[in-house]
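One-based numbering, in listed order, for ligands and for the atoms of each. Throughout, residue positions are numbered sequentially from 1 according to the sequence presented.
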Amino acid sequence: MAGPPRDDFGFEHLPETDQSFENALQKARAGARLTVDDGVELMTTGTEFDGIDPVRKELVLEAADRRRAEMVGDEVTFVANLNNNVTTACTTGCLFCNFKNTAHLFESDSDIEHSGFTKSPEESREIVERAVDMGIYEVTSVSGLHPALVLDEEHREILESYDNPAAEVNYKPPAVYDADPVSYTTQLDAMSVDGVHVHSMTPEEAHHAKRGTDWSYEDVYRRLADAGLDSAPGTAAEILVPEVRDVICPGKIGTDEWVAGMEGAMDAGLDVTATIMYGHVENEMHRVRHLKVVRDLQDRYGGIREFVPLSFVYQNTPLYDRGLVTGGASDDEDELMIAVARLFLDNVEHIQSSWVKFGNAKALKLLNCGADDLMGTILSEEITKRAGGEFGEFRSFDDYVEMITAIGRHPVERSTDYRTRRPLDIDDGPHGPMLGPRADGTPMLTNQDSPAAADD
Ligand SMILES: C[S@@+](CC[C@H](N)C(=O)[O-])C[C@H]1O[C@@H](n2cnc3c(N)ncnc32)[C@H](O)[C@@H]1O
Ligand SMILES: Nc1c(NC[C@H](O)[C@H](O)[C@H](O)CO)[nH]c(=O)[nH]c1=O
Ligand SMILES: N[C@@H](Cc1ccc(O)cc1)C(=O)O
Ligand code: SF4
C-alpha cells in the first residue's frame with residue numbers, strides 16, 4: 001500500500017484506540033451510531049495487529065451491504081451528466097493534483113509550452129449545448145483558481161482597487177492572459193442551457209470568488225445561484241484534518257473554511273455533495289476523523305445528498321514524483337473506505353462508487369460494500385486522466401443497465417438531487433436518458449462512437 005513514507009510524517013493522530021474490533025462490529029450490525037474509535041477498528045479490521053484480516057474485512061463489508069439495503073434498497077442510480085471544467089490555470093499548487101497548470105504559463109508573455117486550457121463563456125455554452133442535445137441532466141464544472149477569474153464585475157472592481165492586487169488578493173486583469181475566463185457568474189449563466197442542472201463551485205472556488213471582500217459564503221452562493229448554480233460539489237475536502245492538509249495541500253483552505261463554505265452553500269438553499277480523497281499520506285484515524293466532520297455537518301444542515309470517496313490517483317502527481325507516496329490505496333482499503341463510510345455516515349443516504357477512479361470491475365464490487373450510486377456519464381474527464389487514471393471518460397446507458405443488472409441490482413436514472421428517479425429495464429433497450437431538459441430516450445453517443453466519426 002501507499003508504503004513506508006506514511007510512518008514518516010510524525011502525525012499526532014494515529015490509528016490507535018481503546019475500542020475492540022468485536023465491539024465496533026457489534027455496534028455497526030445493531031445500527032448504533034459509531035464513534036471515531038469504532039470506525040478506526042472497522043477500517044483497520046482491528047488496530048491490535050498490522051494489516052487487513054480478510055475474514056474480519058468480509059464481516060465489515062457484509063454489515064455495510066446490509067445497511068445499504070435497509071437504507072436505500074436495491075436500486076443503483078446514475079446521472080446523465082457532462083464535466084465541463086473552465087480552466088486548469090491555478091495558483092494553489094496542491095501536491096496531489098496534476099489537473100492544474102501553474103497560472104503564469106497562461107500569461108501572454110510566457111512562451112513556455114503547456115497542456116492547459118481556459119474556455120471562454122461562449123465555448124462553455126457550446127459544449128454544454130451539445131451535451132444537452134445528447135440528453136444530459138447535469139453539468140459538473142470544477143476549475144483551477146485562475147487569478148483573473150472573479151465572482152462578477154463588482155468583485156473585479158473591488159479587487160482592482162487594491163494597490164497591489166497580484167500580491168494582496170491573487171488578482172491579475174484578463175489582459176495579462178491569452179484567454180479570458182471572465183467571471184464565475186458569466187460562466188454559470190453560459191452553462192445554464194435550458195435549465196440544465198449546474199453542479200459547480202467547490203468551497204475552494206467559492207473562497208476564490210470572495211477573496212479581497214468581506215462577503216459571506218452565503219452571499220456568494222446566493223449570487224451564484226441567481227446566475228444559474230443549482231448545487232455545489234464538496235470536493236476540496238481531501239482529508240479534513242489539518243496535519244494532513246499541511247503535507248498535501250498547504251496552500252488550500254483549511255478544514256474550518258471548507259465547512260464554512262459548505263454551510264454557506266446550504267444556507268443559500270443549495271444541495272451539496274461531500275467527498276474524501278484518500279490513499280496518500282493519511283492513516284485510518286485521519287479518514288475516520290474526516291467522516292466525523294462530514295457527519296457533524298450533516299447533523300446540523302441535512303443538505304448533503306451523497307458522499308463520494310475519491311481514491312487517490314497517484315501516477316503523475318508531485319506527491320509520487322517527490323517520493324512522498326509510493327502508490328495509492330489497495331483494493332482492501334477501497335472496499336473498507338466505502339463500507340465504513342456507509343456505516344459511519346448514518347445520516348447520508350447515498351454513497352457513490354466512482355467508476356472513473358476505480359474502473360468497472362472494482363466499481364461494481366464496491367456496490368456490494370455499501371455503495372448505491374455509480375456516478376454519471378461525464379462525457380469528458382480531465383482530473384483523473386491527467387493524474388494517470390485509465391478508466392476512460394464515458395459510460396453509456398446501455399453499459400450502465402448491463403453492468404448493474406449483471407450484479408442483480410436495479411438500474412435507475414436519477415436527477416442530481418436524487419429526488420427524481422427513473423427505473424430502467426434491461427429488456428427495453430437501447431437505453432438513453434429521459435430526465436434532462438432535451439432528453440427523449442435516445443442513446444447518448446460520444447464522438448468516438450458516433451456514426452459521423454465512424455465514417456471518417
Ligand atoms: C482538481 S480540483 C478542482 C476544483 C478546485 N480547484 C478545488 O480544489 O476545489 C477537484 C478535486 O479533484 C480531486 N483530485 C485532484 N487530483 C486528484 C488525484 N490525483 N486523485 C484523486 N482525486 C483528485 C481533489 O479531491 C480535488 O479537490
Ligand atoms: N463528475 C464526477 C463525479 N461525480 C458527479 C456525480 O456523478 C454527481 O453528478 C454529482 O456528485 C452530484 O450528484 N464523480 C467523480 O468521481 N468524478 C467526476 O468527474
Ligand atoms: N470531478 C471531481 C470529482 C467530483 C466532482 C463532483 C462531485 O460531486 C463529486 C466528485 C474529480 O474527478 O475528482
Ligand atoms: S486541487 Fe484545485 S486548488 Fe489544488 S492545485 Fe488542483 S485545481 Fe488547484
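- Under 4.0 angstrom from ligand 3, the non-hydrogen atoms of H199 all belong to its side chain.
- Atom 6 (Fe) of ligand 4 has C97 SG, 2.4 Å as its closest protein atom, hydrogens excluded (heavy atom only).
- The residue M277 has no part lying near ligand 3, judged by heavy-atom distances below 4.0 Å.
- Side-chain N or O atoms of Y137 include none that pairs as donor or acceptor with a backbone N or O of M434 at under 3.5 Å.
- With respect to E257 and R245, no salt bridge is recorded, no charged nitrogen being found less than 4.0 Å from a carboxylate O.
- At a 3.5 angstrom cut-off on N or O pairs, T202 counts as close to ligand 1.
- Side chains of H350 and D372: a donor-acceptor N/O pair is present below 3.5 angstrom, by distance only.
- In the vicinity of E381, heavy-atom distances shorter than 4.0 Å reach the ligand 3 atoms 12 (O).
- Remark: atom 16 (N) of ligand 1 lies closer than 4.0 Å to at least one protein heavy atom.
- Comment: D219 does not engage R223 in a salt bridge, judged by the lack of any side-chain N to carboxylate O separation of less than 4.0 angstrom.
- Close contacts of ligand 4 with F96, meaning ligand atoms under 4.0 Å from a residue heavy atom, involve 1 (S).
- Ligand-side atoms of ligand 1 in range of T317: 19 (N), range being under 4.0 angstrom from any heavy atom.
- The option with the heavy atom closest to atom 6 (N) of ligand 1, from among C249, G144, S143, is S143.
- Of all the atoms in ligand 1, the ones that sit under 4.0 Å from a non-hydrogen atom of F99 are 1 (C).
- For atom 22 (N) of ligand 1, the nearest non-hydrogen atom of the protein is M277 SD, 3.4 Å.
- Remark: K210 is positioned above the aromatic ring of Y217, its terminal NZ or CZ atom under 6.0 angstrom from the ring centre and at most 45 degrees off the axis.
- Ranking protein heavy atoms by distance to atom 13 (C) of ligand 1, first place goes to I383 CG2, 4.2 Å.
- Checked against a 3.5 angstrom limit, the closest N/O atoms of V313 and ligand 1 fall inside it.
- A salt bridge links R156 and E153; the closest N-O separation between the charged side-chain nitrogens and carboxylate oxygens is under 4.0 Å.
- Residue K252 has at least one N or O atom closer than 3.5 Å to an N or O atom of ligand 1.
- Selection from I383, I378, T275, T273 by nearest heavy atom to atom 2 (C) of ligand 3 gives I383.
- Y171 does not carry R211 over the face of its six-membered ring by the limits of under 6.0 Å from the centre and within 45° of the normal.
- Among P318, C90, G93, A236, the residue whose heavy atom lies closest to atom 8 (Fe) of ligand 4 is C90.
- Among the backbone and side-chain atoms of C94, an N/O/S atom is found under 2.8 Å from atom 4 (Fe) of ligand 4.
- A salt bridge is defined here as a Lys NZ or Arg NE, NH1 or NH2 lying under 4.0 Å from an Asp or Glu carboxylate O, and R305 with D373 fails to meet this definition.
- For the pair E204 (side chain) and I253 (backbone), a donor-acceptor distance under 3.5 Å is present.
- Contacts of N85 with ligand 1, taken as heavy-atom pairs under 4.0 Å, are absent altogether.
- When only modelled atom types and interatomic distance are considered, E349 and Y418 share no side-chain donor-acceptor pair under 3.5 Å.
- Remark: minimum distance from atom 11 (C) of ligand 1 to any protein heavy atom is reached at T235 CB, 3.8 Å.
- A salt bridge between D133 and R438 is present, with a side-chain N of the basic residue lying under 4.0 Å from a carboxylate O of the acidic one.
- Every N/O-N/O distance between L310 and ligand 1 stays at or above 3.5 Å.
- Not a single heavy atom of P203 sits less than 4.0 Å from an atom of ligand 1.
- Shortest contact from atom 7 (S) of ligand 4 to any protein heavy atom: F99 CD2, 3.8 Å.
- Looking at K252, H207, K100, M277, it is K252 that brings a heavy atom closest to atom 2 (Fe) of ligand 4.
- Counting heavy atoms under 4.0 Å from ligand 1, residue S311 touches it through the backbone alone.
- Note on R414 versus E75: no salt bridge recorded, every NZ/NE/NH1/NH2 to OD/OE distance being 4.0 Å or above.
- Looking at A236 next to ligand 1, an N or O pair under 3.5 Å apart turns up.
- Listed for the T377 side chain is a donor-acceptor partner under 3.5 Å among the backbone atoms of N81.
- With H280 as the fixed residue, the ring-ring contact (aromatic ring centres under 6.0 Å, His included) test singles out one of F312, F9, Y314: F312.
- Considering each of F96, W258, Y278, the one bringing a non-hydrogen atom nearest atom 18 (C) of ligand 1 is F96.
- Between the side chain of E393 and the backbone N or O of E381, at least one donor-acceptor pair lies under 3.5 Å.
- By heavy-atom distance, the residue among V308, T235, N83 lying nearest atom 3 (C) of ligand 3 is T235.
- Protein heavy atom in closest approach to atom 13 (O) of ligand 3: K357 NZ, 3.1 Å.
- Judged by distance alone, the side chain of Q298 and the main-chain N or O of G303 form a donor-acceptor pair under 3.5 Å.
- Contacts with ligand 3 closer than 4.0 Å are made by no heavy atom of V356, backbone or side chain.
- If you number the atoms of ligand 3 from 1 as listed, the ones under 4.0 Å from a heavy atom of P233 come out as 6 (C), 7 (C), 8 (O).
- Geometrically, ligand 1 and E238 share a nitrogen or oxygen pair separated by less than 3.5 Å.
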Taking it one step at a time, do S231 and D417 satisfy side-chain contact (heavy atoms from CB on, under 4.5 Å)?
CA-CA 8 Å; S231 63; D417 65 12; over 6 Å; no

